[in-house]
Amino acid sequence: MINESIIFDDHVYKSNLSNLKKSPTFSKAFRFFYRNRKEIRELKKYYNEIFKNDLSFFKKINDEKYIQNVNVNLIHEISNYLLLRCFSVTDLGILKGKMGIIIFLFHYSKHINSDQYEELTRLLLDDLCNSLNSEMSYSFESGLSGIGWGIQYLFLQNFISGDINEILEDFDNEIIKIDFHKMENLSLNIGLGGIVQYINARLYAIITLSLNNPFEESYLRSLYLKLEKIVENDEIDTDSIDIFVNYIMFYKNEYKLKVPSIYDVTNLDFPKDYSIRKYNLGLNGTANVGLKLIMEA
């Protein structure tokens, strides 16, 4: 697996991914790992044999010391605040808007073991889906690829049920229509990275659950060739390099796609100057803080 370095395990890597991608050397470093992946795997295997604990062990200890000092009522304050705002929020997207809030609320309903809260969150998801239209952006940040990824995530977390291929049929059709050969923006938030992130999540579910694949082989190969050119070009700098490499290695049968994780799209953070009313609502804001308190405390 390419996104397991010698030092960091998968959890530490993913939980810090958003911060890592801000580095101007991220693309260069990830290409180095990709091109030297065989040697790195051998080194990782060796270090796993001689060290008893990885950095996730020590990170958890430090996080617990800080989060234990946080007001225990804050998680409930966040849930009430987001629930009220979710009814009127206009951004439907995952990173700043309604989809991100809904993901948090599903986790919160499980956290407090409330069937009523979960049912209310399902109604919010239904309302979001009824608000979608073909004129929406395909972007991950505020558009169809991010919302579709979120629905796939909720399904794999057993928050929603049904025929996921049928549920995401319109999303798949809209994604397939996109001419990715003409896309110049490669970022996760508004470019090709978000499209591939969605496709990776769908392919994971399709293979794991033995579903019919709506993406034809000619489409998948064309995408592979496009991404391979990007990865081999050292002049191209993008925060989606890991997403592209994961798809390339999957297509070449060198890598099994992993279950979609919150850490694929954001790192969970609790800013020491956090104020509930000064942050965005979705997975780049207050919903992110709430998930941090639930999932990592």
With respect to [X], which candidate in [options] satisfies the side-chain contact (heavy atoms from CB on, under 4.5 Å) definition?
{"X": "Ile236", "options": "Leu186, Val231, Ile241", "answer": "Leu186"}
{"X": "Asn165", "options": "Asn213, Leu209, Asn212", "answer": "Asn212"}
{"X": "Ile147", "options": "Leu168, Ile102, Leu128", "answer": "Leu128"}

- prompt: How would you list all residue pairs meeting ring pair (Phe, Tyr, Trp, His ring centres under 6.0 Å) that involve residues 167-213, not counting sequence neighbours?
  reply: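 Found Phe180-Tyr219.
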Heavy-atom pair with the smallest gap, counting every atom of [X] and [Y]:
{"X": "Tyr138", "Y": "Ile195", "value": "CD1-CD1, 3.6 Å"}
{"X": "Ile206", "Y": "Pro214", "value": "CD1-CD, 3.5 Å"}
{"X": "Gly100", "Y": "Ala287", "value": "O-CB, 3.7 Å"}
{"X": "Pro260", "Y": "Ala201", "value": "CG-CB, 3.6 Å"}

Partner set under side-chain hydrogen bond (donor to acceptor under 3.5 Å, both in side chains) for [X], not counting sequence neighbours:
{"X": "Glu217", "answer": "Tyr251"}
{"X": "Arg85", "answer": "Tyr81"}
{"X": "Ser142", "answer": "Asp91"}
{"X": "Ser109", "answer": "none"}

List the residues meeting side chain to side chain contact (heavy atoms under 4.5 Å, CB included) with Asn130, not counting sequence neighbours, and say none if there are none.
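By the side chain to side chain contact (heavy atoms under 4.5 Å, CB included) rule, Asn130 matches no residue at all.
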How many angstroms lie between [atom1] in [X] and [atom2] in [Y], if you round to the nearest 0.5 Å?
{"X": "Leu281", "Y": "Ile276", "atom1": "CG", "atom2": "CD1", "result": "9.5 Å"}
{"X": "Thr208", "Y": "Lys256", "atom1": "OG1", "atom2": "NZ", "result": "9.5 Å"}
{"X": "Ile94", "Y": "Ile101", "atom1": "CD1", "atom2": "CD1", "result": "11.5 Å"}
{"X": "Leu188", "Y": "Asp242", "atom1": "CG", "atom2": "CG", "result": "8.5 Å"}
{"X": "Glu166", "Y": "Leu211", "atom1": "CD", "atom2": "CG", "result": "12.5 Å"}
{"X": "Ile164", "Y": "Ile167", "atom1": "CD1", "atom2": "CD1", "result": "4.5 Å"}

Test side-chain contact (heavy atoms from CB on, under 4.5 Å) on Asn200 and Phe250 and set out the steps. CA-CA 9 Å; Asn200 283 349; Phe250 158 78; 5.7 Å; no
Heavy-atom distance under 4.5 Å between the side chains of [X] and [Y], does that happen here?
{"X": "Asp127", "Y": "Lys98", "answer": "yes"}
{"X": "Leu220", "Y": "Tyr247", "answer": "yes"}
{"X": "Ser145", "Y": "Ile175", "answer": "yes"}
{"X": "Ile230", "Y": "Leu192", "answer": "yes"}
{"X": "Met295", "Y": "Leu291", "answer": "yes"}
{"X": "Phe104", "Y": "Ile78", "answer": "yes"}
{"X": "Asn246", "Y": "Val196", "answer": "no"}
{"X": "Leu92", "Y": "Ser131", "answer": "yes"}

Review point. Pairs in or reaching into residues 137-158: which pass salt bridge (charged side-chain N to carboxylate O under 4.0 Å, His left out), with residues at least two apart or in two chains?
Key: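 Checked against salt bridge (charged side-chain N to carboxylate O under 4.0 Å, His left out) - neighbours excluded - the pairs reaching residues 137-158 are Lys96-Glu141.
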Once salt bridge (charged side-chain N to carboxylate O under 4.0 Å, His left out) is applied, do any residues pair with Lys177, and if so which ones, sequence neighbours excluded?
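Salt bridge (charged side-chain N to carboxylate O under 4.0 Å, His left out) list for Lys177, sorted by chain: Glu174.
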Can you name the residues that form a salt bridge (charged side-chain N to carboxylate O under 4.0 Å, His left out) with Asp269, not counting sequence neighbours?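 For Asp269, no residue satisfies salt bridge (charged side-chain N to carboxylate O under 4.0 Å, His left out) once neighbours in sequence are set aside.
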- Under the side-chain contact (heavy atoms from CB on, under 4.5 Å) rule, what do Met99 and Leu125 come out as? Steps first, then yes or no, please. CA-CA 8 Å; Met99 187 72 235; Leu125 179 59; 4.1 Å; yes
Should [X] and [Y] be counted in the same cluster of Ile, Leu, Val, Met, Phe, Trp and Tyr side chains packed under 4.5 Å apart?
{"X": "Phe270", "Y": "Leu95", "value": "yes"}
{"X": "Phe244", "Y": "Leu203", "value": "yes"}
{"X": "Phe106", "Y": "Phe87", "value": "yes"}

Using residues 110-119 as the side-chain source, report each donor-acceptor pair under 3.5 Å to any protein atom, sequence neighbours left out, with the distance given to one decimal.
unit_1, atom_1, unit_2, atom_2, d
Ser114, OG, Tyr117, N, 3.0
Tyr117, OH, Ser79, O, 3.4
Glu118, OE2, Arg122, NH2, 2.3

Could you tell me whether the side chains of Ser187 and Asn185 share a donor-acceptor contact shorter than 3.5 Å?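 There is such a pair between these side chains.
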Does anything in residues 275-289 form a side-chain hydrogen bond (donor to acceptor under 3.5 Å, both in side chains)? List the pairs, not counting sequence neighbours.
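Every pair satisfying side-chain hydrogen bond (donor to acceptor under 3.5 Å, both in side chains) with a residue in residues 275-289: Thr266-Asn288, Tyr274-Thr286.
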Expected list for residues 150-162: side-chain donor-acceptor pairs under 3.5 angstrom, two or more places apart:
unit_1, atom_1, unit_2, atom_2, d
Gln152, OE1, Arg202, NH1, 2.9
Tyr153, OH, His107, NE2, 2.7

Problem - Electrostatic pair Lys258-Asp264, nearest N-O below 4.0 angstrom - result: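 No.
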